[in-house]
Amino acid sequence: MYALTEEPKAAQSKEGADRKVPSYLELLEERDDLQAELTAHVHALPLALVVSDATDKLTMSEWSPQAEVIFGYGRAEAVGRSPYEIIIAPEHHEYVRGVVREVMASSSTIRATTQNLTKDGRRIWCEWFTRAIRDHSGRVVRIIAMVQDITQRIIAEERTRLWTSVLEQSAEGIMICDPQLRILVVNAAFERITGFKESEAIGMTPRILHSGCQDRAFYQQMWRSINENKQWRGEIYNRRKSGEVYAQWLTINVVCDPSGQLTHYVGTFSDITRRKAIEARAQHLSQHDSLTDLPNSELLVQRLQELAVTARRGGQKIAVLLIDLDRFNNINDSMGRRAGDLLLQMVAQRIASTVRHSDFVARLGADEFVIVLPELLQASDAGGIAQKVLNAIHAPAMLAGQRIVISASAGVCIFPDDGVEPEMLISNAAAAMLCAKRECRDSFRFYRREMNEAAAESLRTETALRLAIERHELVLHYQPQVHLTTGAIVGVEALVRWNRPGMGLLGPAQFIPIAEECGLMPALSRWVIGEALRQVKEWDSRGLAPITVAINISASEFHQPGFVDELACEIHRHAVEPHRLELELTESVAVGNVEATTEALNRLHRLGIRLSLDDFGTGYSSLGYLRRFPIDRIKIDQSFIREMTVKPEATQIVRAIIALARSFAMKVIAEGVENAEQLAALREERCDEIQGFLIGAAVTPDEVCSLLRNWSAAGFANRFGSGSGHDD
Ligand code: C2E
Ligand code: MG
Ligand code: MG
């Protein structure tokens, strides 16, 4: 052991001066003892001692027992060999040579860390303290090194480095505090989220983040959980340095030392502002209608529940108004869904801007809206608001470049008088709305108990009506139309009736509005068309004089996609000449897309089907379309005929209508002629044809047969006088 070959300075301590000078042999003996003792101490150190020569090979001459512990090679295996051969990892040879050169050139201890191999093939990390030993001339004769295995330390350091980089790169903010809650460590995400720099946060307490949004109780509960469970997690609102309050998801963990003493609090948190915003949006979407952004039925029920609680406490009333657009499907069918959507958005806006801010407006679905008026002083106030809303809806509007007028019907139901449960309030308001719709559209009704019975009845009617067609309960009756000059029956109008079991023959007024509302019109209409065409064929086969059959087509049927094609198909199927069929349309077909209506009417006209305008004078009376539409005949509404003989204005109107028709080369027929006086007046006005109880009410097909067979035009002329009527 060359390190020990030098005279140990301790041996020359001044203590020695007091003692007698030892003999040379004694000295040698003492020296050997000392060396042995020192060697034993060195061997007991956790560092290994390796000595080698100064050749390139570094042949080893000393290999302490600790070296064996570290590298696995016994002294006998190592001494005489080169460390390059057995313990230095090949890729480190070059590095080690560099270190050796440095050691040879230096008089101080060189420290180096290398990767080494053990006898059993493991790779370990070692730290070397290496010095050169020189002879008197300064030549390096030996190289001595103390080595320790630092693999565990390197692994630990590596882990620490990894963890540090993970913490630094973590998207979650991390904050470590001491037991006094002073911030010790924060990461980059902490800086990013809170806006506080590390230097500003260290030494402070998490109070710098407080927003004041949580109360004392919140923090008390939080600390209770931390103390009891060593953990707390939850949502919390904190404040950024900028002052902005944000939501974060926070986890606080307690770290203890092995003795169980609390050493640190670790808080990890993420900024959930965006997530909260998305959640809030999703929540909003789930409770609002996407078209109008009004609350939907779910939110309506929730709101009604809340309002009911407050109203009950204050002894107040709440009004629930249910509003349903009249004939909304006409718009959808004739102008397209997009226009329908725009209309609903417009109506939503009109409703919202009519009511007060504290009132609650929701869309129930389709064309139904609900307004809740809280804090109502008296129930009757709701009527005024209902009327205001209906007026707002009724105001003319531009839709897809066209001026349209729509109306709505409303039902009003009062909490707690008419119900307390939200569902009950809504359904009672709906019953009142239906009642308004049946009795007179564009109006509102207050809920009455009997209305539910009426609503239930209409539901029963609807159910029965659905089955009526397949059970052959519908029948067509036909009302004759007579030419005034010739006195001949020129046609009949098909009028549908429902032979409802147990209830007798129902007129169209009792079921057509229901069919319109519940979407049964297309099926009903298909049946009427098919049946009328079949009947024409049957009369023909019985050898009757060919007459025209007029069929009533409601605006909603007319606007059904494919209506013209289907009709053309049916006519062809029944092999009926198209001019034998007449369609009675009302002026309301002109509402909506005039282009599409004109196009459909032109197609019908080209097919040879006759067209007439029913109930003329009662509708929109825009003369513009009269000129554009290929109409063959105008039917003067019966209300004018009824008044003709009583009110001079009615006669003037009839006269004007006839003049108008003439100018467009259209025929005129008067409806609802009940007596000879009316007939005489019409003759005076040179009306072409008449229809009414005076000639006969609508009758069964068989009765039509006998009527046609027994009809005498001359007899008619005799009875009512052919007068001075014109002839064409
Ligand atoms: P409308 O097309 O104006 O038919 C004339 C209505 O007046 C018929 O009533 C008829 O019975 C009645 N009427 C005829 N002559 C007189 C009279 O001299 N005095 C009085 N007071 N009334 C008379 P109805 O059959 O009850 O039909 C009512 C309405 O139902 C019809 O009015 C028509 O708009 C509709 N309708 C009838 N059948 C159908 C159908 O198959 N399809 C469609 N869409 N509507 C139909
Ligand atoms: Mg008619
Ligand atoms: Mg009519």
Side-chain angles (χ1 to χ4, degrees), residues 327 329-330 333 438 465 468-469 473-482 489 491-499 504-517 519-535 548-560 563 567 570 581-589 610-619 631-645 668-679 681-682 687 689-701 703-704 707:
R327 302 191 179 91
N329 273 338
N330 280 4
D333 294 341
R438 298 255 156 82
L465 190 57
I469 300 174
E473 291 169 11
L474 294 182
V475 287
L476 284 184
H477 282 188
Y478 300 86
Q479 188 176 31
Q481 301 173 330
V482 170
I489 294 179
V492 287
E493 176 179 3
L495 294 160
V496 69
R497 272 98 183 86
W498 177 15
N499 201 349
L505 212 55
L506 304 185
Q510 287 165 279
F511 60 92
I512 290 222
I514 295 170
E516 290 266 14
E517 263 160 43
L520 279 173
M521 253 346 245
L524 189 143
S525 169
R526 223 170 282 135
W527 179 84
V528 170
I529 292 169
E531 173 61 15
L533 289 170
R534 189 197 61 75
Q535 191 59 60
T548 314
V549 175
I551 300 172
N552 292 282
I553 302 292
S554 70
S556 69
E557 298 163 55
F558 179 80
H559 290 302
Q560 280 290 317
F563 170 75
L567 182 68
E570 275 296 277
L581 185 69
E582 179 170 298
L583 300 188
E584 292 194 7
L585 306 163
T586 58
E587 291 162 277
S588 61
V589 293
R610 300 212 205 163
L611 300 168
S612 68
L613 272 182
D614 204 353
D615 305 341
F616 190 82
T618 56
I631 303 290
D632 300 285
R633 205 154 68 140
I634 284 178
K635 295 190 82 175
I636 307 175
D637 189 69
Q638 34 183 293
S639 58
F640 302 113
I641 311 302
R642 209 169 298 134
E643 289 175 348
M644 257 185 108
T645 48
V668 189
I669 179 166
E671 288 188 81
V673 181
E674 293 183 351
N675 54 49
E677 225 183 328
Q678 289 163 345
L679 183 132
L682 286 163
C687 182
E689 289 153 354
I690 59 157
Q691 173 183 349
F693 293 167
L694 179 67
I695 316 273
V699 290
T700 64
E703 287 168 315
V704 171
L707 181 70

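Read the numbers this way: they start at 1 and go in the same order the structure lists the ligands and their atoms.
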Pick, from Q638, E493, E557, R497, the option with the minimum heavy-atom distance to atom 22 (N) of ligand 1. Q638
Judging by distance only, is a nitrogen or oxygen of R642 under 3.5 angstrom from one on ligand 1? no
Counting only heavy atoms, tell me which of D615, D614, V496 gets closest to atom 2 (O) of ligand 1. D614
For F640, which residues count as a ring-ring contact (aromatic ring centres under 6.0 Å, His included) partner, sequence neighbours excluded? none
If you compare D637, T586, N552 by their heavy atoms, the one closest to atom 45 (N) of ligand 1 turns out to be N552
I'd like to check which ligand 1 atoms, numbered from 1 as shown, lie under 4.0 Å from a non-hydrogen atom of M521. 44 (N)
Of all N/O/S atoms in D614, the name of the one nearest the Mg ion (ligand 2): OD2
Taking both backbone and side-chain atoms of E671, is any N or O found less than 3.5 Å from an N or O belonging to ligand 1? yes
Return yes or no for this condition: an N or O of I553 is under 3.5 Å from an N or O of ligand 1. no
I'd like the name of whichever of P513, S612, G507, P508 reaches closest to atom 26 (O) of ligand 1 through any heavy atom. P508
List the atom pairs, donor and acceptor, that lie under 3.5 Å between side-chain atoms in residues 522-529 and the rest of the protein, sequence neighbours left out.
residue, atom, partner, partner atom, Å
S525, OG, E557, OE1, 2.5
R526, NE, E566, OE1, 3.0

How is the N/O/S atom of E584 that comes nearest to the Mg ion (ligand 2) named? OE1
Under 4.0 Å from any heavy atom of V528, which atoms of ligand 1 are there? 41 (O)
Given that the side chain starts at C-beta and the backbone is N, CA, C, O, which of these parts of I512 lies under 4.0 Å from ligand 1, counting heavy atoms, or is it both or neither? side chain
Those atoms of ligand 1 less than 4.0 Å from some heavy atom in E674: 17 (C), 18 (O), 19 (N), 20 (C), 21 (N)
Counting from 1 in the order shown, the ligand 1 atoms closer than 4.0 Å to a non-hydrogen atom of E584 are 2 (O)
For the Mg ion (ligand 2), find the closest N/O/S atom belonging to E493 and write down its atom name. OE2
